[in-house]
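If you're wondering where the values come from, they're calculated on a predicted model, not measured in any experiment.
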Amino acid sequence: MTQEERQLPVPPGRGPGDAVRRLRREAAEIRAAVRAAPRRTVVAESLVCALAAAFGLIPLLLIPPDRPVLAVLEALWAVLLVAARRGRPVAAVLGAFPLLMGANVWVLAVVPLIVLSATRRIAPPRRAWRIVGVACAALGGLTVAAGLFRWETLPMKLAENAVSAVLLLLLPTLAGTMLGRRRPLVDLLRERNAYLEQTRVLTAAAARLEERTRIAREMHDLLGHRLSLISVHAGALELAAARQAPPLAGQVELLRTTAGTAMEELREILGVLRHADLSDETGGDRGTYDDITALVTQSRQTGGGSVELVWSVPDTVEVGARVRQAIHRVVREGLTNVLKHASGAPVLVEVKGTDAGIEVYVTNGVPRVPGDSQGGTSSGLAGLEERISLLGGTFGAGALPDGGFRVTAWLPSHPFHTTNGPAPAPSPSEADAAPFSHAPRPPSGDGDTWRPGSNPPLSAQTLTWPRVLGAGCTAVLVVLPTAGFLIVLLVMAALG
């Protein structure tokens with residue numbers, strides 16, 4: 001060999017150093033896969049490998065084979081194939097066929113499980129059949145090579161290994177490919193169900209938004225017009241009363257300011273109906289001490305009776321905006337009911353702050369004139385109860401033994417949605433951006449080659465539960481001859 005030939009570089013992948021690097025890289029990938037896998041998967045795989053080792057080694061202590069070293073090596077090789085069937089399914093199938101000719105008959109029980117689990121993870125199915133065909137051809141070639149010096153036993157060996165290949169390789173491959181088709185069908189069916197559920201939620205949300213927009217439009221056209229007329233006439237009446245009836249000027253001014261407040265509240269409600277849920281209202285300028293005092297003063301001027309306020313909410317207590325607005329609504333509804341049903345009766349408004357939340361009481365005594373009630377439908381109290389329940393509080397209203405009436409409410413300082421409340425619907429933009437965001441996904445790192453959405457959508461006839469379940473039942477039936485063959489084979493080995 002010349003000096004130039006000795007200096008030629010070794011082709012990549014052919015030197016011993018490259019082989020060592022490949023082995024190290026493979027070991028590093030295996031360690032990374034084990035660390036990335038869920039703990040539950042690692043424990044389950046370790047248990048399966050331990051059971052395979054026990055099934056291949058323990059019988060050797062009871063029934064010593066003719067070649068014990070080879071039998072032990074076959075058992076250890078079967079354990080390695082069990083561990084490799086998830087990450088390296090092709091290598092697991094190709095490495096399983098030598099076990100059919102080995103000296104350890106007990107490892108034959110592990111071969112169908114290796115082939116079934118590995119072929120289930122090979123896609124497409126025709127690739128799995130090609131690999132199994134290569135394994136069967138290699139098994140036939142190995143059988144012929146082993147029987148070159150024993151021609152008289154070669155036909156019997158070929159027949160035995162052919163039966164073993166059919167029952168331990170081909171039938172498990174058939175079952176594995178069936179299960180491999182079944183799993184993506186199940187995942188795609190779940191994904192489509194999640195998409196349909198998301199579509200249903202969006203359709204219901206769109207219908208609610210359309211209905212609320214219609215209600216807001218009707219309220220704006222009807223109530224807005226009427227309140228505007230009331231405000232205009234009240235302003236004109238205030239000017240006339242200032243000249244002709246000064247004692248009534250205060251009442252007329254209250255009428256005008258009340259109409260203006262009603263217009264502002266109507267605009268807020270219209271905005272809520274068009275853009276957000278009722279539970280998401282803002283209103284940080286309500287529910288304060290000054291706001292409740294103004295309500296009490298206005299009720300005292302309108303009804304003519306005594307209305308007292310007891311405010312005992314410490315300044316250190318932090319109250320959310322929605323809770324403050326709920327306090328405002330409870331007090332306002334209670335005072336309105338007093339004006340409607342017990343005009344002139346003494347009223348006591350109590351707002352107490354505790355560590356657990358806020359307590360609100362609106363209590364009125366016996367009406368000044370018995371039976372002087374304008375009637376009502378109690379819809380305001382029902383609305384208050386629903387509003388407070390959405391905030392996680394409690395509400396109550398009822399008559400007192402002395403003939404009075406009390407409205408009570410307890411509210412947490414910071415509201416939360418209870419399980420009985422409606423769940424917020426996703427916005428159309430979020431749902432359109434990720435229609436499959438809630439669809440179940442198979443766990444990562446399981447070695448499967450299929451992923452949801454990687455294949456084109458199948459027909460609706462294929463995605464039916466009878467067909468999906470039928471694939472699993474057929475796969476179980478296919479394995480039954482393999483199980484019977486293994487039982488007979490192991491019983492004969494134990495008796496022999």
Side-chain angles (χ1 to χ4, degrees), residues 204 207-209 211-216 218-220 222-223 226-227 258 261-262 264-274 276-283 286-287 291-292 295-296 298-299 302-303 320-343 345 347-351 357-364 367 371-401 403-412 415-425:
R208 288 196 301 269
L209 182 60
E211 181 64 19
R212 289 165 59 171
T213 303
R214 186 189 65 82
I215 295 174
E218 295 294 331
M219 291 177 62
H220 178 272
L222 298 178
L223 294 180
R226 300 295 182 184
L227 289 176
T258 301
T261 304
E264 294 178 0
E265 293 179 350
L266 178 62
R267 294 190 186 98
E268 293 180 4
I269 294 299
L270 294 180
V272 169
L273 286 175
R274 290 191 178 101
D277 289 337
L278 185 63
S279 59
D280 293 333
E281 293 180 40
T282 58
R286 295 183 177 180
D291 177 51
I292 301 301
L295 280 177
V296 170
Q298 181 180 356
S299 178
T302 304
R322 287 184 292 173
V323 174
R324 289 198 299 268
Q325 190 173 40
I327 295 173
H328 175 91
R329 294 296 176 88
V330 171
V331 175
R332 189 180 66 178
E333 183 65 25
L335 295 177
T336 302
N337 287 338
V338 172
L339 293 176
K340 291 172 59 178
H341 306 292
S343 180
V347 183
L348 176 61
V349 178
E350 300 176 88
V351 182
I358 306 297
E359 298 177 358
V360 183
Y361 302 92
V362 180
T363 308
N364 66 273
D372 186 14
S373 175
Q374 302 179 16
T377 60
S378 299
S379 59
L381 297 178
L384 277 180
E385 183 176 7
E386 181 180 359
R387 174 187 295 270
I388 293 175
S389 64
L390 289 176
L391 298 178
T394 57
F395 177 81
L400 299 177
F405 195 85
R406 172 176 290 177
V407 176
T408 63
W410 175 85
L411 293 160
F416 58 92
H417 289 282
T418 61
T419 55
N420 296 330

Could you give the distance from [atom1] ([X]) to [atom2] ([Y]), rounded to the nearest 0.5 Å?
X      : Y      : atom1 : atom2 : value
Ile292 : Arg332 : CD1   : CZ    : 10.0 Å
Thr363 : Glu350 : OG1   : CD    : 6.0 Å
Arg322 : Leu411 : CZ    : CG    : 11.5 Å

Could you tell me whether the side chain of Ser299 and the main chain of Val296 form a donor-acceptor pair under 3.5 Å?
->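 Checking the backbone N and O of Val296 against the side chain of Ser299, no donor-acceptor pair under 3.5 Å is found.
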Intermediate values then yes/no, side-chain contact (heavy atoms from CB on, under 4.5 Å), Leu381 and Glu333 | CA-CA 8 Å; Leu381 297 178; Glu333 183 65 25; 4.2 Å; yes
Quick one: which of Leu295, Asp291, Thr336 gives a side-chain contact (heavy atoms from CB on, under 4.5 Å) with Val331?
->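 One option only clears the test, and that one is Leu295.
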Minimum-distance pair of heavy atoms, taken over all atoms of [X] and [Y]:
X      : Y      : result
Phe395 : Ala409 : CD1-CB, 4.1 Å
Ala345 : Val338 : O-CG1, 4.4 Å
Val323 : Pro412 : CG2-O, 3.1 Å

Might you work through the side-chain contact (heavy atoms from CB on, under 4.5 Å) test for Asn337 and Val362, ending with a clear yes or no?
-> CA-CA 10 Å; Asn337 287 338; Val362 180; over 6 Å; no
Applying salt bridge (Lys or Arg N to Asp or Glu O under 4.0 Å), run through Arg214 and Glu211 and close with a yes or a no.
-> CA-CA 5 Å; Arg214 186 189 65 82; Glu211 181 64 19; 2.5 Å; yes
